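Here the structure is a predicted model, which is why all the values come from computation and not from measurement.
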Amino acid sequence: MQALKIILLVAAIIYFLVYIIFAICGKKPIRTILLFSFFGIISLTAVNLTSSLTGVYIPLNPWSLSVSAAGGIPATVALLLMRTVLAL
């Protein structure tokens, strides 16, 4: 279980580095970051709205909102994986 947590942490760090490089190298970095943040918050909202059908939800708190906003849709998927696989 500890190895899985380390793998998820390393994958998250690599994702954020690629995310920052992608945003900076683009023509409109601020727009890219804002769009990723918007889609992350929308995906978190969609997960919570469909929780009655799926049985999976992510509690809305400052941590989950900031992770979803910072990482976009992949961060929301990572939160879902942590919630279901690791039972956090």
**OP:** Could you pull out all residues at least two apart from Pro62 that satisfy side-chain contact (heavy atoms from CB on, under 4.5 Å)?
**Re:** none
Original post:
In chain order, what residues pass the side-chain contact (heavy atoms from CB on, under 4.5 Å) check against Ile73, with sequence neighbours excluded?
Top reply: Phe39, Ser43, Val77
Original post:
Taking all non-hydrogen atoms of both residues, which atom of Thr76 and which atom of Ser68 are closest, and how far apart?
Top reply: OG1-OG, 3.3 Å
Original post:
For Leu60, which residues count as a side-chain contact (heavy atoms from CB on, under 4.5 Å) partner, sequence neighbours excluded?
Top reply: Leu44, Asn48, Leu65
Original post:
Does atom CD1 of Ile30 have more than 12 heavy-atom neighbours, drawn from other residues, nucleotides or ligands, at distances under 6.0 Å?
Top reply: no
Original post:
Are Phe38 and Leu34 linked, directly or through other ILVMFWY residues, by side chains that come within less than 4.5 angstrom of each other?
Top reply: no
Subject >> Where Thr50 and Val47 come nearest, the two heavy atoms and their spacing >> reply: OG1-O, 3.2 Å
Original post:
In the hydrophobic clustering that connects Ile, Leu, Val, Met, Phe, Trp and Tyr at side-chain heavy-atom distances below 4.5 Å, which members other than Leu49 occupy its cluster, ordered by chain and number?
Top reply: none
Subject >> side-chain hydrogen bond (donor to acceptor under 3.5 Å, both in side chains) against Ser64, all qualifying residues, sequence neighbours excluded >> reply: Asn61
**OP:** Could you pull out all residues at least two apart from Ala69 that satisfy side-chain contact (heavy atoms from CB on, under 4.5 Å)?
**Re:** Ser37, Ile41
Subject >> Donor-acceptor contact present, side-chain Arg83 to main-chain Tyr57, <3.5 Å >> reply: yes
Subject >> Hydrophobic cluster identity match, Ile24 and Phe36, side-chain contacts under 4.5 Å >> reply: yes
